[in-house]
Amino acid sequence: MPPDSNSFCAIWDIVRCIPEGRVSTYGRIARLAGNPRWARVVGYAMCACRDGSVPCHRVLHRDGSLSAAFGPGPESRQRLLLEKEGVPFLPDGRVDVKVCLWETPEDA
């Protein structure tokens with residue numbers, strides 16, 4: 001089934017649940033939204049939500065790298081927002097996902 005506006009709303013609702021100081025990945029959000037093949041759709045949903053109501057900066061690539069599609073000055077802006085929340089970074093600039101990955105009941 002192709003994504004629609006309801007799919008984006010479901011994705012946004014999941015991302016709103018990521019607590020401050022925690023991160024998730026496009027793939028994990030896709031899985032939680034019901035379609036593990038929709039990592040790219042999660043990216044589209046993040047880009048479509050520009051009003052600040054969704055903490056899009058907390059969604060990363062699976063290796064902890066930041067998104068180049070995160071608005072103007074993308075990586076540096078995303079990194080600043082994450083640093084303000086206390087998210088730790090590795091020396092190579094990726095987020096240390098082992099330390100701050102958002103765990104859900106589905107992960108247990």
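Atoms considered below: every heavy atom in the structure, side chains included; atoms not considered: hydrogens, waters and symmetry mates.
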Option among Phe8, Trp12, Tyr44 that satisfies the side-chain contact (heavy atoms from CB on, under 4.5 Å) test with Cys49: Trp12

Donor-acceptor pair, side chain of Arg94 and main chain of Asp63, under 3.5 angstrom: yes

Atom of Ile29, atom of Ser24 and distance for their closest heavy-atom approach: CD1-OG, 3.6 Å

Non-hydrogen side-chain atoms of Glu20 and Arg58 separated by less than 4.5 Å: yes

Shared hydrophobic cluster for Phe89 and Val97 (ILVMFWY, side-chain gaps under 4.5 Å): yes

Heavy-atom side-chain contact between Gln78 and Leu60 under 4.5 Å: yes

Option from Ile14, Val15, Val59, Ile18 for which side-chain contact (heavy atoms from CB on, under 4.5 Å) with Val54 holds: Val15

Least distance between heavy atoms, Gly21 atom then Cys100 atom: O-CB, 3.5 Å

Contact check, side chains of Arg62 and Tyr26, non-hydrogen atoms, under 4.5 Å: no

Arg28 side chain near Leu101 side chain, heavy-atom distance below 4.5 Å: yes

More than 12 heavy atoms from other groups under 6.0 Å of CZ on Arg16: yes

Gap between atom CG of Leu32 and atom CH2 of Trp38 - 0.5 Å precision: 13.5 Å

Closest non-hydrogen atom pair, His57 against Leu82: O-CD2, 3.5 Å

